[in-house]
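Written below as structure tokens is the structure these notes are about.
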Amino acid sequence: MTSWKQNVRQVVPYTPGEQPKQQNIIKLNTNENPYPPSPRVSQAIAKVSADSLRRYPDPTCASLVDAIAKYHGVDASNVFVGVGSDDVLAMSFLTFFNSDRPILFPDITYSFYDVWADLFRIPYNQKPLDSDFKLVASDYEGPCGGIVIPNPNAPTGVAEPVEFFEKIVESHPECVVIIDEAYVDFGAKSCLELVRKYDNVLVVRTFSKSRAMAGNRIGYAIGNAELIKYLSDCKFSFNSYTMDTITLAAGVASIEDDSYFKEKVDAVIATREWTKEQLKGLGFTFPDSKSNFIFAKHEFVNAVSIFEELKKRGIFVRHFSKPERIANYLRISIGTDEEMCSFIEKLKK
Ligand SMILES: *Cc1c(COP(=O)(O)O)cnc(C)c1O
């Protein structure tokens, strides 16, 4: 029997972290920022008149593109913006990963990469991290259809130096290398400098973590003007008006308040370092994190039972049951000092 189902594009979707409805919980499960965005963001949102929403937003997102370009000291032609970096990454997969050769990414990494690859029917090979959760350079040698790696990696928090990525980019003129810098503001070194030297590298960033604007959905990519042109061509063949009027205004306001941004990022880093010490004292081990989360396991107590016990006490962290070798780890996002104190107190119990 033939069925319409055989013509359906069937996929196994990405599962986002839980967004619990109850109040008074401590939410350390989706790497959100515990601080609000810059006060300038709320002022900018308040200034948008509802009447202006009659009009379509600027499809080129010029105000936001210009603000990001100025911030990074690049030309507007080097910047692409989208609805969160998930949108930017999905468009980049569609645009640049169009080869019969497999694309490469780590086995333990952002769990959206294999979903997009499956969705777009892109062949892929996942390269195992070593036992310290480090990338193995030799895994990324030889011709391939493309490479995507987060730096720092997620959910491990482990960062690699720029030279590590430069070797990969330099040895792969046949494909595009995407470096997903979702967490780079929390202490890793950015690969943005590679964009000036190589035409096959795309650096992707987001406002969701370090800029505390996950609810607005702003992501962007920086690359050679030709790459950005190809990316824009695909975007304009899919959905022209990706960014709404209110979000564009909010994004510009955030970029313009750099001192607030730095202050809050520094606060998260300080709390992270404090939390590392506390966790060590309680018998947890973890790879050194340069992000706004810590990927930790306990020497005796099983991750699932810690996860469940914390949840009962109103504290949400993230647990990944796959792949098997990370099933005993918890990913703990960094909250405020107060939240982390309470988290440590409950862990002790
Ligand atoms: C959070 C995250 C993203 C997606 O962020 P958006 O909210 O879509 O901007 C992309 N990559 C990694 C590694 C992430 O952790």
Side-chain angles (χ1 to χ4, degrees), residues 28 30-41 64-65 67-74 78-82 84-89 109-110 148-162 164-165 178-195 201-223 247 250-276 287-295 331-337 339-340:
L28 310 176
T30 51
N31 297 343
E32 288 148 331
N33 199 308
Y35 302 107
S38 159
R40 291 210 210 166
V41 171
L64 183 58
V65 163
I68 292 169
K70 191 170 154 217
Y71 181 75
H72 288 298
V74 297
N78 299 119
V79 179
F80 175 87
V81 296
S85 55
D86 286 342
D87 178 41
V88 174
L89 286 163
T109 194
Y110 188 38
V148 56
I149 302 177
N151 193 49
N153 195 7
T156 62
V158 176
E160 300 289 346
V162 175
F164 180 93
F165 292 99
I178 300 176
I179 303 169
D180 180 352
E181 293 192 336
Y183 301 101
V184 80
D185 292 320
F186 298 105
K189 183 105 170 45
S190 171
C191 287
L192 271 175
E193 63 187 67
L194 300 182
V195 167
V201 59
L202 192 74
V203 171
V204 177
R205 296 274 191 105
T206 175
F207 280 45
S208 297
K209 279 75 183 229
S210 56
R211 292 190 177 276
M213 292 168 74
N216 256 132
R217 315 304 301 126
I218 306 176
Y220 60 99
I222 297 193
T247 299
V252 172
S254 170
I255 288 279
E256 286 175 349
D257 196 353
D258 202 40
S259 60
Y260 178 92
F261 168 71
K262 293 208 168 90
E263 180 190 314
K264 294 305 177 211
V265 164
D266 287 346
V268 170
I269 293 173
T271 308
R272 177 189 72 206
E273 295 307 310
W274 178 86
T275 308
K276 284 179 185 172
D288 192 36
S289 170
K290 291 273 184 250
S291 59
N292 67 338
F293 55 82
I294 298 171
F295 195 55
R331 192 195 65 188
I332 302 146
S333 309
I334 302 301
T336 60
D337 284 338
E339 287 173 327
M340 298 321 279

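Below, all heavy atoms of this structure are taken into account, side chains as well, without hydrogens, waters or symmetry copies. No experiment lies behind these values; they were computed from the predicted model shown.
Not one N or O on the side chain of N153 forms a donor-acceptor pair closer than 3.5 Å with the backbone of T109. Looking only at distances, a side-chain donor or acceptor of R272 sits under 3.5 Å from a matching main-chain atom of S291. Without hydrogens or angle criteria, D180 side chain to I149 main chain gives no donor-acceptor distance under 3.5 Å.
Of the candidates C191, S210, P152, C191 is the only one forming a side chain to side chain contact (heavy atoms under 4.5 Å, CB included) with E181.
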>> V203 vs V195, test: side chain to side chain contact (heavy atoms under 4.5 Å, CB included). Steps then yes/no.
In response: CA-CA 8 Å; V203 171; V195 167; 4.0 Å; yes
>> Pair F207, I68 - check side chain to side chain contact (heavy atoms under 4.5 Å, CB included), show working.
In response: CA-CA 11 Å; F207 280 45; I68 292 169; 4.3 Å; yes
> Could you walk me through whether F80 and L202 pass the side chain to side chain contact (heavy atoms under 4.5 Å, CB included) check?
Replying inline: CA-CA 10 Å; F80 175 87; L202 192 74; over 6 Å; no
> Can you check side chain to side chain contact (heavy atoms under 4.5 Å, CB included) on V81 and I218, steps first, answer last?
Replying inline: CA-CA 7 Å; V81 296; I218 306 176; 5.5 Å; no
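Within the model, atoms CZ of F164 and CG of N151 stand 9.0 Å from one another, a figure rounded to the nearest 0.5 Å. With rounding to the nearest 0.5 Å, the separation of CD1 in I178 from CG in L89 is 6.5 Å. Atoms CD1 and CG, on I334 and N31 in that order, are 9.0 Å from each other to the nearest 0.5 Å. With rounding to the nearest 0.5 Å, the separation of OG1 in T275 from CD1 in I294 is 5.0 Å. Considering CG of D337 and OG1 of T271, their distance stands at 4.0 Å, rounded to 0.5 Å. With values rounded to the nearest 0.5 angstrom, T247 atom OG1 is found 10.0 Å from R217 atom CZ.
Between K276 and D288 there is a salt bridge, since a side-chain N of the basic residue sits under 4.0 Å from a carboxylate O of the acidic one.
Figure legend: cation-pi geometry between R211 and Y220 absent, as NZ or CZ is not positioned both under 6.0 Å from the six-membered ring centre and within 45° of its axis.
Side-chain contact between V148 and Y110 is absent, with no heavy-atom pair separated by less than 4.5 Å. Proximity of I332 to M340: side-chain heavy atoms (C-beta onward) are separated by under 4.5 Å at one or more points. Within the 4.5 Å cutoff, the side chain of D257 has heavy atoms near those of the S259 side chain.
The shortest heavy-atom contact between G187 and K290 is O-CD, 3.5 Å. In this structure, S85 and R205 approach most closely via the heavy-atom pair CB-O, 3.5 Å. The heavy-atom pair separating L64 from G251 by the smallest distance is CD1-C, 3.6 Å. Closest non-hydrogen pair, E32 versus N292, comes out as O-ND2, 4.1 Å. Scanning all heavy atoms of the two residues, the minimum distance from T336 to P34 falls at N-CB, 3.5 Å. Closest of all the heavy-atom pairs between T30 and S333 is N-OG, 3.6 Å.
Aromatic ring centres of F293 and Y183: separated by under 6.0 Å.
When the side-chain contact (heavy atoms from CB on, under 4.5 Å) test is applied to K264, the partners found at least two apart in sequence or on another chain are Y35, Y260.
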